[in-house]
Asker: 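My questions will all concern the structure given below.
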Amino acid sequence: MKIVTVVGARPQFVKAAVVSRVLRKKHQEILVHTGQHYDSNMSAIFFRELGIPEPDYNLGIQGGAHGRMTGAMLASLEEVLSAEKPEALLVYGDTNSTLAGALAAVKLHIPIYHVEAGLRFGALTMPEEVNRILTDRISEKLFCPTESAVDNLRTEGIIRNVYQTGDVMYDAYLWASARPGGQMPEYGRHYLLTVHREENSNPAALAEIFRAMAQLDAPVIYPVHPRNAKLAHSLEHTNIELIEPVGYREMLGLLNSCERVVTDSGGLQREAFFAGKPCVTLLDRPIWPETHNGGRNQLAKCECGDILEKLSADIIADSGGQPFGDGHAAEKIVEAI
Ligand code: UD1
């Protein structure tokens, strides 16, 4: 089959890397980068480290309000799909690039295959929730990472062509862990912080998070997403080392050597789970319920006291097993295709 894959944002590079490797053994893949993430340490470094093939198209669309960004991607992707005439479109996760790809394809009657289908937060205030609900609704094949994602789709009446494949992020984690590479900077005893969600990227929220970090018993390392760079540096950040965004391997290095994780990233809360690191997630609802098994992931409000309380929570020995599959999600996806 000829398949067009659309990626654009950092986590999608990681996911596409593992699927592409398997997909290209059997199918022709045309890779389109929307340009949503463009800094070299947000994009190129992942292509290099994970051996992702050069994109066939780079649309160079970035920044601006959600509507403008998504609309510009939609117009460009329609042109690419009209020219390439693929038999299917493959998209990942829940970013504006995902939704733009899905909308462009459905209007041209091109079947959509959605990897990481069925995730639900439960509130449309989160921009990604809109993207995932709409993409799932118009997808032809839905590849779910977990049992709960399958359940979410069933609740919405989506039961046809739903596959529980496991999580491609777990594939990526195992793949990279088996191939340690490069010289890792030494960081010593530390906590790991990431904050990038729109909801938490305001002065009041970030200042509260930083106040909590100032009270921890070891330095906190925060690779700052470009969205928050100016704000983070302008706030008092005692005990926090603000560093540039890091590639996938360096992130795993920071994770594997940290005490605990504080994050609002869907990817990092799972990676913390894979690595057996306790995590505090700065969101008011769970999005990856399995990571909360045994109290290993705790939700906290963006309030200093709540964050510190959740960071000191005891972890119960986990008996939930590995809910994210067996590290062969990519093979199962390609099999289903
Ligand atoms: C996007 C996704 C989010 C995902 C995240 C991963 C949407 C709605 N959100 O959020 O689901 O978790 O990617 O990181 O699609 N910027 C740069 N350089 C870059 C990338 C971004 O300066 O390389 C700037 C942009 O110009 C923009 C801001 O950061 O002003 C936010 O970027 P954007 O792509 O809109 O959303 P993310 O927060 O990255």
Side-chain angles (χ1 to χ4, degrees), residues 6-17 32-48 50 55 58-74 77 91-104 114-117 119-121 123-136 145 167-169 172 192-202 205-206 222-233 242-248 250-251 261 263-272 281-283 285 287-288:
V6 174
V7 293
R10 191 165 55 174
Q12 292 169 328
F13 308 141
V14 179
K15 293 165 197 169
V32 183
H33 188 331
T34 60
Q36 182 170 350
H37 287 174
Y38 49 96
D39 291 350
S40 73
N41 55 4
M42 296 286 288
S43 175
I45 190 171
F46 292 88
F47 281 76
R48 216 167 40 238
L50 301 172
N58 192 323
L59 308 180
I61 297 161
Q62 53 222 201
H66 288 280
R68 174 178 282 272
M69 185 202 288
T70 311
M73 288 174 184
L74 175 58
L77 286 165
V91 284
Y92 295 87
D94 52 22
T95 72
N96 291 341
S97 299
T98 312
L99 178 63
L103 285 176
H114 186 203
V115 176
E116 207 173 287
L119 272 290
R120 293 295 181 266
F121 179 66
L124 294 175
T125 44
M126 180 188 260
E128 290 80 8
E129 183 81 346
V130 180
N131 295 342
R132 43 177 101 95
I133 291 175
L134 297 180
T135 302
D136 283 343
D167 184 3
V168 291
M169 286 284 275
L192 178 59
L193 170 71
T194 77
V195 189
H196 77 283
R197 290 214 172 270
E198 198 169 72
E199 305 87 309
N200 297 332
S201 300
N202 59 73
L206 203 59
Y222 175 16
V224 187
H225 185 293
R227 165 204 282 285
N228 279 335
K230 216 168 138 209
L231 177 59
H233 285 275
L242 303 174
I243 64 170
E244 294 285 313
V246 296
Y248 185 66
E250 192 172 344
M251 196 62 185
V261 173
T263 189
D264 60 5
S265 152
L268 189 57
Q269 57 180 284
R270 259 131 79 220
E271 285 159 350
T281 295
L282 302 165
L283 291 172
R285 300 156 190 248
I287 182 153
W288 289 93

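Not measured: the values here are computed from a predicted model. Just follow the structure's listing: the first ligand is 1, and inside any ligand the first atom is 1. Counting from 1, the numbers follow the sequence of the chain as shown.
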Asker: What protein heavy atom lies closest to atom 35 (O) of ligand 1? Include the residue and the distance to one decimal.
Answerer: M69 CE, 3.2 Å

Asker: E116 side chain to Y92 main-chain N or O, any donor-acceptor pair under 3.5 Å?
Answerer: no

Asker: Measure from the side-chain N and O atoms of D39 to the backbone N and O of M42, and report whether any donor-acceptor pair falls under 3.5 Å.
Answerer: no

Asker: Would you please test F13 and H33 for ring-ring contact (aromatic ring centres under 6.0 Å, His included) and show each step?
Answerer: CA-CA 9 Å; F13 308 141; H33 188 331; 5.0 Å; yes

Asker: Quick one: look at S265 and ligand 1, take heavy-atom pairs under 4.0 Å, and tell me if it's side chain, backbone, both or neither.
Answerer: neither

Asker: Looking only at protein heavy atoms, identify the closest one to atom 8 (C) of ligand 1 and say how far it is in Å.
Answerer: N96 OD1, 3.4 Å

Asker: What do you reckon, is CZ of R68 surrounded by more than 12 foreign heavy atoms closer than 6.0 Å?
Answerer: no

Asker: Using a 4.0 Å heavy-atom threshold (strictly under), name the region of H37 that reaches ligand 1: side chain, backbone, both or neither.
Answerer: both

Asker: Return the residue, atom name and 0.1 Å-rounded distance of the protein heavy atom closest to atom 26 (O) of ligand 1.
Answerer: Y38 OH, 2.9 Å

Asker: Which residue holds the protein heavy atom closest to atom 28 (C) of ligand 1, what is that atom called, and what is the gap in Å?
Answerer: R227 CB, 3.8 Å

Asker: Evaluating non-hydrogen atoms only, which member of E128, H225, E198 is closest to atom 9 (N) of ligand 1?
Answerer: E128

Asker: Which protein heavy atom lies closest to atom 30 (O) of ligand 1, and at what distance to 0.1 Å?
Answerer: G63 CA, 4.6 Å

Asker: I need the N131 CG to L99 CG distance, nearest 0.5 Å.
Answerer: 4.5 Å

Asker: For atom 34 (O) of ligand 1, what's the nearest protein heavy-atom neighbour? Residue, atom name and distance, please.
Answerer: Q36 NE2, 3.0 Å

Asker: What I want to check is whether the side chains of Q36 and S97 have a donor and an acceptor closer together than 3.5 Å.
Answerer: yes

Asker: Please state which protein non-hydrogen atom is closest to atom 18 (N) of ligand 1 and give its distance, to 0.1 Å?
Answerer: D39 OD2, 3.1 Å

Asker: Is R120 salt-bridged to D94, going by a charged N under 4.0 Å from an acidic O?
Answerer: no

Asker: Which one of H66, H196, R10 has a non-hydrogen atom at the shortest distance from atom 5 (C) of ligand 1?
Answerer: H196

Asker: Could you list which atoms of ligand 1 come closer than 4.0 Å to a heavy atom of A9?
Answerer: 13 (O)

Asker: Please identify which atoms of ligand 1 are closer than 4.0 Å to at least one heavy atom of P226.
Answerer: 16 (N), 17 (C), 18 (N), 19 (C), 22 (O)

Asker: Heavy-atom distance from atom 15 (O) of ligand 1 to the protein below 4.0 Å?
Answerer: yes

Asker: What protein heavy atom sits nearest atom 6 (C) of ligand 1, and how far off is it?
Answerer: P11 CD, 3.4 Å

Asker: Out of curiosity, H196 NE2 to H225 NE2, how far, rounded to the nearest 0.5 Å?
Answerer: 5.5 Å

Asker: Between the side chains of T194 and S265, is a donor N or O closer than 3.5 angstrom to an acceptor N or O?
Answerer: no

Asker: For ligand 1, which atoms sit closer than 4.0 Å to a heavy atom of D94?
Answerer: 11 (O)

Asker: Have Q12 and T95 got a donor and an acceptor in their side chains that come within less than 3.5 Å?
Answerer: yes

